[in-house]
Protein chains: 2
Amino acid sequence: MSTTNSLTVEELGSAAQRDRRKRILDATYALASDGGFDAVQMRAVADQAEVALGTLYRYFPSKIHLLVSALAREFDRNEALIKEMGPIPGDTAAARVIYIMKRTTRGLQGDPKLTEALTRAFMFADSSVAAEIHTVGMSLTTMLTHAMHSGQPTEHAEPTAEDIAIARVIGDVWLSALMAWVTGRSSAAETGAHLETAVGLLLRD
Amino acid sequence: MSTTNSLTVEELGSAAQRDRRKRILDATYALASDGGFDAVQMRAVADQAEVALGTLYRYFPSKIHLLVSALAREFDRNEALIKEMGPIPGDTAAARVIYIMKRTTRGLQGDPKLTEALTRAFMFADSSVAAEIHTVGMSLTTMLTHAMHSGQPTEHAEPTAEDIAIARVIGDVWLSALMAWVTGRSSAAETGAHLETAVGLLLRD
DNA sequence: TCCACAATAGGAACACGTTCTAGATTGCCC
DNA sequence: GGGCAATCTAGAACGTGTTCCTATTGTGGA
């Protein structure tokens with residue numbers, strides 16, 4: 001079988017390799033969803049994905065890379081879902097951004113263990129994971145600037161520098177809030193309220 | 001020697017115990033400053049503080065508690081320093097806040113390994129460290145609201161709810177920026193610029 | 001002073017992330 | 001089909017955070 005590998009960058013490799021990669025990420029997801037960060041043990045992931053420990057490390061050089069990659073996959077899926085949704089409800093930029101953030105946050109809070117695992121990994125990542133982190137960051141920024149302009153006349157214009165700055169600040173607040181929630185230092189309600197306040201301060205049109 | 005323990009809450013215990021606690025935090029600080037998070041190895045801390053490993057764990061139940069406690073001590077010292085400084089330079093709230101943030105950030109960036117260790121610990125902390133984290137968070141918020149009003153007529157009034165909300169958002173941005181810097185995902189200059197942008201967006205008087 | 005008992009020292013033991021080794025399997029080129 | 005390089009499996013081995021155990025030391029009360 002001589003596949004010609006006419007695939008996107010992320011999907012290089014043979015079918016068997018893509019399959020292994022998927023099995024590994026699926027196992028990671030399942031374990032994280034069940035028991036959080038601590039339950040994602042490399043031996044357990046390898047077992048459940050039916051690969052050897054060495055193979056797991058060949059695909060993902062560390063537990064952090066593994067979890068951040070799983071997070072990136074989730075964000076991709078979420079982004080696709082939002083694109084399918086069509087125009088985002090809300091009359092003002094603030095309302096639309098809050099809508100998107102709450103929607104995403106609710107999705108995450110619906111699977112607390114998984115969120116804990118992914119957020120922890122994200123926060124613990126060092127420069128060797130910069131590429132994956134950047135993917136996630138861009139995805140979030142894009143989502144937010146898109147929400148600001150959705151359904152507006154300027155929808156297809158490039159976001160301004162200020163838009164991007166605001167999106168980044170909101171992303172920062174969101175990460176901090178998520179961190180506080182994940183580590184049990186604030187409730188889901190407080191997290192939502194804090195986010196809403198921050199968006200209100202940043203987007204007062 | 002029957003000391004009557006007329007001490008503040010944090011300093012309960014005999015003189016020998018307070019001394020051990022100090023030796024442990026000093027050793028933590030020295031190791032962190034030298035080699036960062038990874039260099040703060042519990043056996044090394046115990047050796048350098050001249051206590052047994054079990055004793056170290058009796059005083060601080062985990063490496064994270066240890067490092068967050070060291071961070072809290074640093075923040076206390078920093079707060080005292082700023083109080084000694086008198087009025088904060090700057091004509092607008094934004095300018096004063098930026099002054100304080102840059103000053104603090106510069107202090108941290110002057111000891112990158114230490115900052116890396118303390119920030120990592122802060123981000124990895126779970127609810128069992130909530131008390132220590134809360135101390136640090138309050139310290140930061142106080143510092144920021146103080147900067148907003150320093151030298152103003154309203155200096156001694158209580159900060160408004162909006163002030164506190166703004167301070168918290170700035171704190172979030174600061175933590176995210178610090179995280180990106182610590183993990184080698186952004187430079188010191190980018191960190192400063194991002195902070196400045198955020199403060200500009202939040203405090204446009 | 002002496003006794004009970006808590007705190008400490010010293011170090012073994014265990015868990016999990018990570019690395020390494022040796023042999024089996026697969027895929028590709030001739 | 002044969003050879004060769006890459007990949008995979010199975011599992012041992014190692015480092016560091018954490019727990020546990022035993023002997024020793026310090027301390028406060030009778």
Side-chain angles (χ1 to χ4, degrees), chain A residues 1-5 7 12-24 27-28 31-32 34-70 116-117 120-121 123-126 128-129, chain B residues 1-5 11-24 27-28 31-32 34-70 116-117 120-121 123-126 128-129:
Chain A
M1 178 176 57
S2 70
T3 45
T4 39
N5 280 339
L7 299 160
L12 285 172
S14 69
Q17 283 171 335
R18 268 177 287 128
D19 188 52
R20 278 201 189 84
R21 188 184 155 88
K22 178 175 185 313
R23 286 208 311 273
I24 290 171
T28 302
L31 287 166
D34 246 32
F37 188 88
D38 289 343
V40 181
Q41 300 183 356
M42 299 305 267
R43 290 172 179 85
V45 172
D47 279 359
Q48 187 155 333
E50 296 185 291
V51 299
L53 190 55
T55 305
L56 172 53
Y57 273 93
R58 160 173 265 280
Y59 281 75
F60 300 94
S62 76
K63 174 170 173 172
I64 299 296
H65 279 83
L66 177 58
L67 282 165
V68 174
S69 298
E116 185 247 5
R120 277 239 149 87
M123 294 184 308
F124 215 60
D126 65 10
S128 75
V129 207
Chain B
M1 181 175 61
S2 73
T3 46
T4 41
N5 279 337
E11 292 166 343
L12 286 172
S14 69
Q17 282 172 335
R18 269 177 286 126
D19 188 52
R20 278 203 187 82
R21 188 185 155 87
K22 178 175 185 313
R23 287 209 311 273
I24 291 171
T28 302
L31 286 166
D34 245 33
F37 188 87
D38 290 343
V40 181
Q41 299 182 359
M42 299 306 266
R43 290 172 181 83
V45 172
D47 279 359
Q48 187 154 332
E50 296 185 292
V51 298
L53 191 55
T55 305
L56 172 53
Y57 273 93
R58 160 172 267 278
Y59 279 76
F60 299 95
S62 77
K63 174 170 173 170
I64 299 297
H65 279 83
L66 177 57
L67 282 165
V68 173
S69 298
E116 186 247 2
R120 275 237 151 85
M123 293 185 308
F124 216 59
D126 65 11
S128 74
V129 208

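In what follows, chains are A, B, ... by sequence order, proteins preceding strands, each numbered from 1.
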Query - Worked verdict on Arg120(A) versus Leu67(A) for side chain to side chain contact (heavy atoms under 4.5 Å, CB included) - result: CA-CA 9 Å; Arg120(A) 277 239 149 87; Leu67(A) 282 165; over 6 Å; no

Interatomic distance, [X] [atom1] vs [N] [atom2] [rounded to whole Å]:
| X | N | atom1 | atom2 | value |
| --- | --- | --- | --- | --- |
| Lys63(B) | dT16(D) | NZ | C1' | 8 Å |
| Asp19(A) | dC8(D) | CG | P | 12 Å |
| Arg58(A) | dG17(C) | CZ | P | 21 Å |
| Phe124(B) | dG17(D) | CZ | C1' | 12 Å |
| Met42(B) | dA15(C) | CE | P | 19 Å |
| Phe37(B) | dG17(D) | CZ | C1' | 10 Å |
| Leu53(A) | dC8(D) | CG | P | 13 Å |
| Tyr57(A) | dT9(D) | OH | P | 15 Å |

Requested in this report: Please step through side chain to side chain contact (heavy atoms under 4.5 Å, CB included) for the pair Leu66(A) and Met42(A), ending with a clear verdict.
Outcome: CA-CA 9 Å; Leu66(A) 177 58; Met42(A) 299 305 267; 4.1 Å; yes

Query raised in the report: Does dT16(D) have OP1 or OP2 sitting under 4.0 Å from an N or O in the side chain of Arg43(B)?
Result: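 Result: no.
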
Report task. With the side chain of Arg20(A) defined as its heavy atoms from C-beta on, choose the nearest nucleotide among dC8(D), dT8(C), dT18(C). Result ->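 Comparing dC8(D), dT8(C), dT18(C) against the side chain of Arg20(A), the answer is dC8(D).
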
Query raised in the report: Any idea how Phe124(B) and Phe37(A) line up, ring-wise: parallel (<30°), tilted (30 to 60°), or perpendicular (>60°)?
Result: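 It falls in the perpendicular class, over 60°.
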
**Report entry** Comparing Tyr59(B) and Gln41(A) on DNA chain C - which has the more 5′ nearest nucleotide
**Finding:**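 First, find each residue's nearest nucleotide; the 5'-ward one identifies Tyr59(B).
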
Report task. Would you mind telling me which of Lys22(B), Arg23(B), Gln17(B) makes a side-chain hydrogen bond (donor to acceptor under 3.5 Å, both in side chains) with Asp19(B)? Result ->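 Looking at Lys22(B), Arg23(B), Gln17(B), the match for Asp19(B) under the side-chain hydrogen bond (donor to acceptor under 3.5 Å, both in side chains) is Arg23(B).
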
Requested in this report: Classify the nucleic acid contact of Val40(A) as base, sugar-phosphate or nothing, counting any heavy atom under 4.0 Å across all strands shown.
Outcome: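 Answer is sugar-phosphate: Val40(A) comes under 4.0 Å of backbone atoms only.
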
